[in-house]
Amino acid sequence: ALLLVTAGSGPAVAEMPSNAPAPSPQTVAATSPGITVELNRLETVDKGCRLSFVFTNAMPVAVDGLAIEAVLFDTDGRVDQFLLLKARPLPQGKTRVQQFDVTQASCVGIGRVLLNAVTACAGEGLDASACLDALRPTSRADIPFTTALSPTGD
């Protein structure tokens with residue numbers, strides 16, 4: 001079962017010249033430092049666990065929409081839940097913090113978070129594959145946040 005987890009959305013302004021040609025997804029991914037997605041904190045809340053993420057867009061274009069499939073593993077390394085995290089728009093060169101509440105999850109029971117896939121990515125010259133290549137997961141929390149493409153990912 002896939003659990004959809006969304007955060008509130010807010011306005012974002014990103015301007016690109018209207019006469020500029022759209023870069024290809026391969027060009028954007030190859031020429032950009034990427035999008036850092038930091039698992040910053042896990043916090044126990046009334047209905048479960050709140051995950052705080054810090055998104056930093058160091059790509060040459062704005063990310064108008066991003067949906068990430070993440071997997072929570074328990075402390076024994078077993079798959080616990082699949083999540084779909086829908087991020088708000090992220091202007092080029094900006095940092096944004098978003099919190100996602102995961103019901104029916106205990107923060108102390110989460111042993112690792114895996115960035116499994118990018119299911120959607122919107123922006124000039126972007127697609128899901130380019131965004132997956134550009135994502136750089138990190139963690140300041142007490143648990144690892146890895147990607148399926150990293151040597152430590154599954």
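Basis for what follows: all heavy atoms, side chains included, without hydrogens, waters or symmetry-related copies.
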Rounded distance [0.5 Å steps], [atom1] in [X] versus [atom2] in [Y]:
X	Y	atom1	atom2	result
F53	T36	CZ	OG1	13.5 Å
Q81	D74	CD	CG	11.0 Å
R50	R41	CZ	CZ	9.5 Å
D127	C121	CG	SG	7.0 Å
N40	S139	CG	OG	8.5 Å

- Does a side chain donor of either E69 or T119 reach within less than 3.5 Å of an acceptor in the other side chain? no
Is it true that a side-chain atom of [X] and a backbone atom of [Y] form a donor plus acceptor pair closer than 3.5 Å?
X	Y	result
E38	T56	no
R112	G77	no
E124	V61	no

**Report entry** R136 side chain reached by I35 side chain, heavy atoms, under 4.5 Å
**Finding:** no
Strictly by disulfide (SG to SG under 2.5 Å), give each pair with a member in residues 49-119 just once, sequence neighbours left out.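 Qualifying pairs: C49-C107.
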Shortest non-hydrogen contact between V54 and T95, atoms and distance:
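Heavy-atom minimum between the residues: CG1-CG2, 3.5 Å.
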Q.
For a quick test of reading the model, state the closest non-hydrogen atom pair linking P137 to L115 and the distance between them.
A.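 Answer, listing the atom of P137 first, then L115: CB-CD1, 4.4 Å.
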- Under the 4.5 Å side-chain heavy-atom rule for ILVMFWY, direct or indirect, which residues accompany V108?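 Traced through the cluster, V108 reaches no other member.
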Of all residues at least two apart in sequence or in a different chain, which pass the salt bridge (charged side-chain N to carboxylate O under 4.0 Å, His left out) check with D142?
->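 For D142, no residue satisfies salt bridge (charged side-chain N to carboxylate O under 4.0 Å, His left out) once neighbours in sequence are set aside.
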